[in-house]
Each structure stands twice: as structure tokens, then as C-alpha cells.
Chemist: 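Take a look at the following structure, please.
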Amino acid sequence: MKRLLPILAIFALAACGGAPPDALTDEDLALADPSWPDSLPAANDGYPDLGDPCRLLGEAEATRPFIDEGAELVGCRDPRDAAMIDGARVVGEVDGITLVSVALPQPPPEVVEDPQAVEPAARLIACTGRGIEGPARCTVTVERREDGTSQLNIQFDNGNRRTLLFQGTSLVGADSSEADGSASFVLDGRRDFDRTIVSYGPERFVIPHSLLPSVPVVRGQPAPPPTPPVDPLAALPPSE
């Protein structure tokens, strides 16, 4: 009969709604360490984990000189416990409690948009061709490529598109396709003061150099002689 008494006591506690050992209330935790100094307001759940001997400290007259906005202030009764906290730095001692500062995780770096990744602004240029009779206006956006060239994405009013490539202010290429017949087009460009007039088969484009990245001026080089004014949308003679 005596061996049954402990078992009956356990069942009696369960019937009365007894809580498991780890379900501690704030009052229980506070009573578990009554010797903690009143000068140090502390969270009584342990630091960094529940039940650990150190405590997270709040702001008070005794802790104010040690508080850092970028760190947590922690108190440990035993300096050896403080030494076990990762990243802890001892900053003082108050009423027998070792105070340590634990740096908070750094916020992720602010993401700064790459200016070249921003959607390029659209501009209008003079153009003709691709099913358009007479002078017209095309929309163009400029993108910088990894190889240093500038890619001009041109769209006609009727939805047709053309891509031109410039190295600095020099025309170096254009896209081509069998579908639109441009695979057989001859690409040519003529500099006209501060612009380049592009001829590509039946298409004509007037590209202001202000759209293109500036090219450094080499001192001592003579300026190129000006060319006579031309009709920018007139057909260009084939290059030699």
C-alpha cells in the first residue's frame, strides 16, 4: 500500500490541473531568484534562452550609462556565464552583477538602385521607313551594355522596331532579321555636327549625340571639319 501512495499523489496533482515543470509564469520566474538586485530591472526568463542564468536588462538609473542603441544590455551574476554569451563584451559591474553588451544583428544593407538598371527614359527622334511614308517620329530608349556599347531600342509609330548599336558616338551595328528583310540591308551612318544620320535599307534615323555617352576629348587633336547641311531623312550614298 505504501508503494501506491506516490503514484496516487501524482494522479491527484494531474486531476487538480497541475502544470508541467516548464510552464512557469512570470511570478514563478521572479520568485525563483529573489536575490537579484532591485537596481537592475531584468527580464526573468533567462538570456539568451529560457532558464539561462543571465538576464536581459531594461533602462534604469544604474543601467543607463551602459545602454547602447545598437546592443542589448545583459546582466550575469557569474562572469563565467557572461563569457559564454556569443559576442558579449563586458562593460561594467553593478551590485555584484556583471554587465555585458551584446551587439544586435546589423540590418541588411540598404538597396540602392543601379542608375543603369532604371528603366531608361524614352526620347523622340526623326525617322522614316518600315511602312511609314514621309518623315515621322520614333520612340527611342538607350541602354548601356556590359561591353561598353550603347543599345538604342527604336520603335516606329506602327509598332515596328529597330535596334542600333553605338560605341561612343560611332555607329557600329544594327539588328537584322530574315523576317523583315533587314538581313540584306546595308547599314551606313554619316556624322552631321552633333548628330549621326543612320541609313539602314529603307529606314532613316537621326540620332542626336546627346542621347549617347560623352566621349573624352583628346587634347591636341584638330576638330573635324564641318560637313555641309544635309536632309537628314534623305537617302545616303553607299559607303566606300
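We use all heavy atoms of the structure for the numbers below, so side chains are in, but hydrogens, waters and symmetry mates are not. The first residue in the sequence is number 1, and the count goes up from there.
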Chemist: Strictly distance-based, threshold 3.5 Å: is any side-chain N or O of S150 a donor or acceptor partner for the main-chain N or O of L212?
Modeler: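 Checked: no pair found.
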Chemist: If hydrophobic clusters are built from ILVMFWY residues whose side chains come within less than 4.5 Å, do V94 and V102 share one?
Modeler: no
Chemist: How far apart are the closest heavy atoms of S177 and S182, and which atoms are they?
Modeler: N-OG, 2.7 Å
Chemist: To check you understand the geometry: which heavy-atom pair defines the closest contact between I154 and C138, and what is its length?
Modeler: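 It is CG2-CB, 3.6 Å.
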Chemist: Run the side-chain donor-acceptor check on residues 58-65: report pairs under 3.5 Å with partners two or more places apart or on a different chain.
Modeler:
from, atom 1, to, atom 2, distance (Å)
E59, OE2, R64, NE, 3.1
T63, OG1, G58, O, 2.8
T63, OG1, A60, N, 2.8
T63, OG1, A60, O, 3.3

Chemist: Tell me the closest heavy-atom pair linking R195 and H209, and the distance in Å.
Modeler: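 Heavy atoms of R195 and H209 come nearest at C-NE2, 3.2 Å.
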Chemist: Specify the closest pair of heavy atoms between W36 and A42, including all atoms of both residues, with the distance to one decimal.
Modeler: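 That would be NE1-CB, 3.6 Å.
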Chemist: For the residue pair C54 and V74, what are the closest heavy atoms and their distance?
Modeler: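 Closest heavy-atom pair between C54 and V74: CB-CG1, 3.7 Å.
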Chemist: Counting only heavy atoms from other residues, nucleotides and ligands, does the tally under 6.0 Å from CG of D147 exceed 12?
Modeler: yes
Chemist: Are I67 and L40 connected in the hydrophobic side-chain network, where two residues link if heavy atoms are under 4.5 Å apart?
Modeler: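 The answer is yes; both residues are in one hydrophobic cluster.
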Chemist: Might you point out which heavy atoms bring G92 and F66 nearest each other, and give the distance in Å?
Modeler: CA-CE2, 4.0 Å
Chemist: Looking only at the side chains, is there a donor atom on one of R191 and T169 sitting less than 3.5 Å from an acceptor on the other?
Modeler: yes
Chemist: Does the side chain of V198 reach to within under 4.5 Å of the side chain of L187, using non-hydrogen atoms?
Modeler: yes
Chemist: Could you go through I207 and I125, starting from their C-alpha distance and side-chain angles, then the distance that decides it, and tell me whether this counts as side chain to side chain contact (heavy atoms under 4.5 Å, CB included)?
Modeler: CA-CA 7 Å; I207 308 299; I125 60 172; 3.7 Å; yes
Chemist: Which pairs would a plain distance check flag for residues 155-166, meaning a side-chain donor or acceptor within less than 3.5 Å of a matching protein atom at least two apart in sequence or in another chain?
Modeler:
from, atom 1, to, atom 2, distance (Å)
Q155, OE1, R161, NH1, 3.1
Q155, OE1, R161, NH2, 3.0
N158, OD1, N160, N, 3.2
N158, OD1, N160, ND2, 3.3
N158, ND2, R130, O, 2.7
N160, ND2, R130, O, 3.1
R162, NE, E203, OE1, 2.9
R162, NH1, D175, O, 3.2
R162, NH1, D175, OD1, 3.1
R162, NH2, D180, OD2, 3.3
R162, NH2, E203, OE2, 3.0

Chemist: Could you tell me the separation between the OG1 atom of T139 and the CG atom of N153, rounded to the nearest 0.5 Å?
Modeler: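 Reported to 0.5 Å precision, the distance equals 11.5 Å.
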Chemist: Heavy-atom distance under 4.5 Å between the side chains of L99 and V90, does that happen here?
Modeler: no
Chemist: Output yes when a side-chain donor or acceptor of R55 lies under 3.5 Å from a complementary backbone atom of D52, and no otherwise.
Modeler: no
Chemist: About how many Å separate CG of D192 and CD1 of I197, when rounded to the nearest 0.5 Å?
Modeler: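 I197 CD1 to D192 CG: 4.5 Å, rounded to 0.5 Å.
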Chemist: Side chains of E72 and L104, heavy atoms from C-beta outward: is any pair under 4.5 Å?
Modeler: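 Contact flag for E72/L104 side chains = yes.
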Chemist: After noting the C-alpha distance and the side-chain angles of V91 and L73, does the key distance pass the side chain to side chain contact (heavy atoms under 4.5 Å, CB included) rule?
Modeler: CA-CA 9 Å; V91 293; L73 186 63; 4.0 Å; yes
Chemist: CD/Q167 to OG1/T149 distance, rounded to the nearest 0.5 angstrom?
Modeler: 6.0 Å
Chemist: Within the structure provided, determine whether I85 and Y47 are in side-chain contact (heavy-atom separation under 4.5 Å).
Modeler: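 In contact.
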Chemist: Is there a side-chain contact between P37 and I97 in this structure, where contact means two heavy atoms from C-beta onward sitting under 4.5 Å apart?
Modeler: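 A side-chain contact exists here, since the closest heavy-atom pair is under 4.5 Å.
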Chemist: Could you tell me the separation between the OG1 atom of T98 and the CG atom of D78, rounded to the nearest 0.5 Å?
Modeler: 7.5 Å
Chemist: Can you confirm whether the side chains of D188 and S199 place a donor and an acceptor under 3.5 Å from each other?
Modeler: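 No, no side-chain donor-acceptor pair sits under 3.5 Å.
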